[in-house]
Number of protein chains: 2
Amino acid sequence: MAYSLDKIDLQLLEILQKDSNQTTKRIAEQLGMTTSPVFERIKKLEKEGYIKKYVAVLDNKKIGLKLTVFIGIALQGHTRSYLEKFVKEINNFPEIVECHRVSGNFDYLLKLVVEDIEAYETFIISKLTLLPYLGNVQSLITLSTGKETNEIDLSRI
Amino acid sequence: MAYSLDKIDLQLLEILQKDSNQTTKRIAEQLGMTTSPVFERIKKLEKEGYIKKYVAVLDNKKIGLKLTVFIGIALQGHTRSYLEKFVKEINNFPEIVECHRVSGNFDYLLKLVVEDIEAYETFIISKLTLLPYLGNVQSLITLSTGKETNEIDLSRI
DNA sequence: ATACAATACAGATAAATATTCTTTTTATAT
DNA sequence: ATATAAAAAGAATATTTATCTGTATTGTAT
C-alpha cells in the first residue's frame, strides 16, 4: 500500500519548501522532536518521491533576465504527431520555463523568461513564428509580479 | 560598483539550480577546482542576492494537488487603491502560487494549484467571484504539462 | 484488559562535510 | 620586470550528517 503523509510529514514538507538549507537539528527543533526521526522522515520523503529535488532559487532580475511573458497559443491542426512535435520544439527553446497543454481558448500556454522586450521580440520573430500551424497567438507581458513561488500551501491537505 | 558574474559563477549557479544538495567537494570537482574557492563563491552569490534561497521541490501530484489552472482577469475599474487591494486579497488565497500584473487582453494573470476540478470550482465560486469590479475572466485548465521549472538557462548571459 | 509485535523515538557516536585560516599562485597595472 | 591585488589551493578545525542501540509508544489479537 502507498505510504501516506501524516501531520508531521506535512509540516516537514512546509519547512523544507521554505528553506531546505537548515540543519536537521534546527528542523527538529521547529517540530519539537529530536534529529533522528526527522532525519529518517526526510529520507523517506525523498525516497518515496514526495520531495523531487533541492534547488537554489535565483534572482532572475539581478542576473539580467528582467521580463516574464505568458503566451497563449492556438494551433490550426491537432494531429497527434504534430502536437508532439510542437511540444518537442518548444522544450528546446531555453527561454521557455513552462509549457502547458490547456483547455479553453488556447491549446498551449507558455511561460517565458527573457532579458527584455527586445529579446522577447527576437524570440517571437526568429523562433515562435517559424513553427507551422500556428493559429491565434496572444502574449501577456508581465508588468509586475505580486507573487511567484513554488511553495504549496499544505495546510489544506 | 556592482559585483558582476564571471563564467565560473554562472556555471556554479547552473549547478546549484539543478541540484543544491551536493557537497562542495562534488561541485568543486565539476568545476575543476578545490573546495575553498567554490565555497567562497557560493557564499558571495548568497550574500549578493543572486541566490535567494534553497528549497525542496515537491511532487504536487503525489501530494494530491493534481490540477494547475491559469486565470486571466480583466478588471472594470483601475484606480490605484483598488488594484492594490485586489493584489492583497489575491495573495491571501493559498491556492494561488503566482499573480502577475500584465499588459495585453487582461490585467492580471493568476496561476493556481488545486486538488481537482471541484476545488477549482469552489475557488471560483466562493473566492474569486466575490471580488468586486471583475470584468472578463478566462480560465485555462492544464491538461498536461510538457515543461515546468524555475531553472533558467544561463548559457546566454 | 493484557500480551505481543511493529513502529517510532531519543540519545550517543563515528564518519563525512562545511568552514576558516594561511600559503601559494595567478592576473594586472605600472 | 616588478609590485600589488585578487583568487585559488592546501591544511586544520568545527559542525553536521548518518548510523547504531536502547527505550517508548502505538496498534492488534486474544
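Letters A, B, ... are given to chains in the order of the sequence lines, protein chains preceding strands, and every chain is numbered from 1. Fair warning: this is a prediction, and the values are worked out from it, not measured in the lab.
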Under 4.0 angstrom, heavy atoms only, what part of the nucleic acid is [X] near: base, sugar-phosphate, or nothing?
X     : value
B:S36 : base
B:T24 : sugar-phosphate
B:I8  : sugar-phosphate
A:T34 : base

Taking atom [atom2] of [N] as reference, at what distance in whole Å does atom [atom1] of [X] sit?
X     : N      : atom1 : atom2 : answer
B:E29 : C:dA16 : CD    : C1'   : 14 Å
A:F39 : C:dT13 : CZ    : C1'   : 14 Å
B:K44 : C:dA18 : NZ    : P     : 20 Å
B:E46 : C:dT19 : CD    : C1'   : 13 Å
B:I42 : D:dA7  : CD1   : P     : 16 Å
A:N21 : C:dA18 : CG    : P     : 10 Å
B:D6  : C:dA27 : CG    : P     : 13 Å
A:K25 : D:dA18 : NZ    : C1'   : 16 Å

Fill in the blank from the handout: Between A:K18 and B:K53, the two heavy atoms sitting closest are O-CD, 4.0 Å
Practice task
For A:S139 and A:Y120, work out which heavy atoms get closest and say how close.
Solution key: OG-OH, 2.5 Å
Practice task
Evaluate the ring planes of A:Y108 and A:F86, with Trp represented by its six-membered ring, and classify them as parallel (under 30°), tilted (30 to 60°) or perpendicular (over 60°).
Solution key: tilted
Exercise for the section: Verify the contact: side-chain N or O of B:R41 to OP1 or OP2 of D:dA7, cut-off strictly under 4.0 Å; return yes or no. Expected result: no
Problem - Residue whose closest nucleotide on DNA chain D lies nearer the 5' end, A:K43 versus B:E40 - result: B:E40
Problem - Over 12 foreign heavy atoms within 6.0 Å of CD, A:E148 - result: yes
Practice task
Run the numbers on B:K52 and B:E46 for salt bridge (Lys or Arg N to Asp or Glu O under 4.0 Å), then give the verdict.
Solution key: CA-CA 7 Å; B:K52 290 202 282 190; B:E46 290 168 1; over 6 Å; no
